[in-house]
Amino acid sequence: MDYISFQRNKIIFLCAVAFLIFISVAATFAYKDARFGVENLPSVLARLGEQAGYGLYYRIRFSLSPAVYATPDPERKARAVPALVYHAIDETGGEYTISKAEFADQMHALHSAGWRTVTLKEFEDFLRGQRELPERSFLLTFDDGAKESYYPVDPVLSALHMTAVTFILPKFSVDNGSHYYLSLGELRNMIESGRWEIGSHGQDSHQLFAADAKGTLVPALSRPVWLADKQRLETDEEYESRIEADLRISQHNLEQALSIPINAFAFPFGEFGQLNDSYPAAVTTVSRIAEGMYSMSFHQVRRGEAFSFNYPEPDPPRALLVKRIEPHPRTGPEELFERMENGLPKDLPFKDDFAKEHGWFSVWGPYDFTEGSLSLRASPEETGSALVLDGTRGWRDYRVRLLVEAPRRNGVYMWVRFQGNTQHAGCNFGNDYIHVEETLSDETSVIKGVRTENIAIPDGEFIVEARVNGRSLTCTLNDGVSVTSEFLNPALATGGIGIKIWDREPGHAQLIVKSVSVEPL
Amino acid sequence: MTHTRMRQRLEALAEALRTTVRDAGPVFFFFVVLYVIFVLKVITYKSVYDNLFFGIYSLLITIYILSRFLLSYLHKPIAVDLGYEPSITFVVPAKNEEDNIYRTIDRFAKIEYPLKKVEVISINDGSTDRTYDEMERAAKDISPFIQRVEVVDWKENRGKRHGMAEGVKRARNDIIIFIDSDSFIDPSAVRHLVKYFADPTVGAVSGHTDVDNASTNLLTEMQAIRYYIAFTIYKAAESAFGTVTCCPGCCSAYRRSYLMEFIDTWLNQTFLSVPCTFGDDRALTNFIIQKYRAVYSYEARATTVVPDSFRKYMIQQQRWKKSWMRETWIASGFMWRKNPLAALSFYAYVFLAFASPVVFFRAVIWLPVMESTWPVIYLSGLFLMLLLHGLYYRMKVGPRAWFLAIVNFWFNTVLLMWQLPWALVTIRDSRWGTR
């Protein structure tokens, strides 16, 4: 060891270098853990690189191809606002995923048509009637808080100046997250970016539970579940306290971890009992509990369930129930754009000769849309079918005329003031009768009617007309016999139009609609 | 007037700032690369559990390389003692070097050392050109100034080893300095070689050799880095324990009395019953370090001409690999008796040298084909290590085409890795032994 020197200054220098490098390396990993959670550093770097690369790519691509489908009018105010929901954006082709390219195309299409995102606060104020928003405003949301619902999305948001809400599962995301779920550090960073807001998606309820001893799986919130240790079903009280605890704990955990109020809740699986009739009390129970803690609760609107947009409520409840549109895999940008445009509140007068899609959606049974006509047909096991026109929820006083053909001479309903499947008025034209009907909370009653033998569904083309004005509803068949009621329930003050067919014999009913025209009164 | 002066002062300040930034940059990046290497190690340390062999390789190679940097940093400078001036003999064996030989020999009369203590023995090893005439001319020119000059003229070629042995036998002075016919020593080099011999345990001293023709092309620039690194880091690190494994023929000094103990054994050395005709310097050093110490003198400067074509370079490298193989085998037999750290480093290096082609094959061919995993970590790790060396060179030597050279170095490392297994196969074939 004679030819080695341990001079003090060399030793000090080496110690300093070793110390600095140790500190830097330790700090790197500490920062990585705090900011990105358990994911390993190369993946983190790959994500960041990808994010930066896509950010640049989108900026260039979007500026090169301003595909405008419609020209927005900044003066027009929104009458209803939709919310979109996505899960993960990845290339796995799963049931709840869409690809990066599809997502970017969709957002770009919406943006270039004048669609702009709003924040939770703006959205809520609008629904409570406390704020105006420009037409074509929408709320963009993501469920589950997967990393793949942030990293591929953020560059798109940044390039298009959009904001989004992400509904987080605190069980996975508080602390260090996982390889799949976002970490707390990532959430903080998202909030700091100003592009993201946070909502809760439940603590333990984002999973299926056994509903009976056989292990039939159901969404956690939808009904009392099977307690394997006690060999029995939950009591109503246990069910309620489980849901109450879940909603509260998830809110508490997020508020604690992020030091921000959490006011929005997205039902796990978009389900609060409304899709399952095995426990009818679920809807009211879950809604009541959510109302106690959150100012808005979000679920998904299945196509055909209801109008796709959210309308301001004249007498808003403490907690709003918000519908969201979920674009399914392989939804093209034009398709989503069309759906959004068709959901926009329609102006009167309105005329539809079926040259293009205007947003008719089925609430019952199949239909065919061909150029020039729309046909409804009862499927073999069903007695009828029904369609509603999207974007008409806000209509008030109007006259609808349908030019139709009923080859099998089955009954035809003309729905007006349609608010939902369980809340609407209508004209029921049958062979030998015309009824003025109203349906309130799923209870249908005939408020006026005529029954005479000279009433019949004609052969060939004929016209059905409904005229609704204030509390008065007049139903007229083929400009002949008409019936009027002046006592429509005040709850049905506004609402849209729909068509329903019915026949006693399954698979029999059929109707061809040639044109629809609606005049304001 | 003041205005001009102020502007000059400002310009000087700007220039100073520029230089500082220029010089601080490589230093900064050197430590950044070091940091990145450590981060990479932390990421991949778990792989040790996945596969013991490859995991250990990965850890060991990092520890080995970084420990070289550490030891070279702790390399001890020795002061020149003007009271210690042993007599010296330059031994220059040469074959067909008519272009360089005069310049090589002529330099001996210009060194900074008492010339009356300088002896020159040059051996013409059967040259077919005018090398002998050039030697005689140089001898005549320098003989008035130095103690003694002798030119040996062999009509038939006997080989470099015979030339070196002849020089040792004919020498009369204490210290023998071997100089290759294509190498040139700095006038100050001799004192820095000799000073180490004041310690009687020192038998050999390697000087520092730089590449003379570095700016010829990318290949020679790359070799310049390689030489610089091999000497200032790897030899300096070996020097810490007095176990420099090769004091190269281009500029090294030996104590004559120690050489005489085994000069004939060395001259008649055979390996696997084939006479050893290359790697003479490495073999000689190996004999020395069995009993004595071999050290490295950073201040003893010389330059040498390196191959400037890829073919010549490959042939030279193959020759070196073969002698490395042979002498490493021999050294393995006694290294364990040396300083434990020196022994550990030595055996670790042997393991790494043999394992590296296997590791390369696994990462770059086997895994991509069998498991479709890209060797990103492996190749970037390899590149980072070379980058570390390149930045070290850049910060010590100054701005040159170092980065491209590093890329070339990387390319050659990948290529030359396969020479070792090849050398193992052809170890008994001595055809490439000629220069």
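In what follows, chains carry the letters A, B, and so on, assigned in the order in which the sequence lines appear, proteins first and then strands, with residues in each chain numbered from 1.
A side-chain donor-acceptor contact under 3.5 Å links B:Tyr254 and B:Thr285. A side-chain donor from one of B:Glu238 and B:Thr245 sits under 3.5 Å from a side-chain acceptor of the other. Between the side chains of B:Lys76 and B:Ser239, no donor-acceptor pair of N or O atoms lies under 3.5 Å.
Within the 3.5 Å criterion, the main-chain N or O of A:Ala257 finds a donor-acceptor partner in the side chain of A:Arg188. Judged by distance alone, the side chain of A:Ser173 and the main-chain N or O of A:Leu184 form no donor-acceptor pair under 3.5 Å.
Using a 4.5 Å cut-off between heavy atoms, B:Val295 contacts chain A through its side chain alone, with no backbone atom that close. Neither the backbone nor the side chain of B:Leu40 comes within contact range of chain A; no heavy atom of the residue lies under 4.5 Å from a heavy atom of that chain. Only the side chain of A:Phe29 comes within contact range of chain B, with at least one heavy atom under 4.5 Å from a heavy atom of that chain. Neither the backbone nor the side chain of B:Val32 has a heavy atom closer than 4.5 Å to any heavy atom of chain A.
A cation-pi arrangement, defined by a distance under 6.0 Å to the six-membered ring centre and an angle within 45 degrees of its axis, is absent between A:Lys32 and A:Phe36. No cation-pi contact links B:Arg255 to B:Tyr292, judged by a cut-off of 6.0 Å to the six-membered ring centre and 45° from its axis.
In this structure, B:His208 and B:Tyr298 have perpendicular ring planes: the angle between them is above 60°, well past the 30° mark. Taking the six-membered ring for Trp and thresholds of 30 and 60 degrees, A:Tyr181 and A:Phe172 have nearly parallel ring planes, at less than 30 degrees apart. Classified by interplanar angle (parallel below 30°, tilted 30° to 60°, perpendicular above 60°), the ring pair A:Tyr86/A:Phe103 is perpendicular.
Side chains of A:Val85 and A:Phe142 form no contact here, defined as non-hydrogen atoms less than 4.5 Å apart.
Within residues 41-54 of chain A, the residues that have a heavy atom under 4.5 Å from a heavy atom of chain B are A:Leu41, A:Pro42, listed by number. Residues of residues 60-75 of chain B that come within less than 4.5 angstrom of chain A, heavy atom to heavy atom, are B:Leu70, B:Leu71, B:Tyr73, B:Leu74, B:His75 in numerical order.
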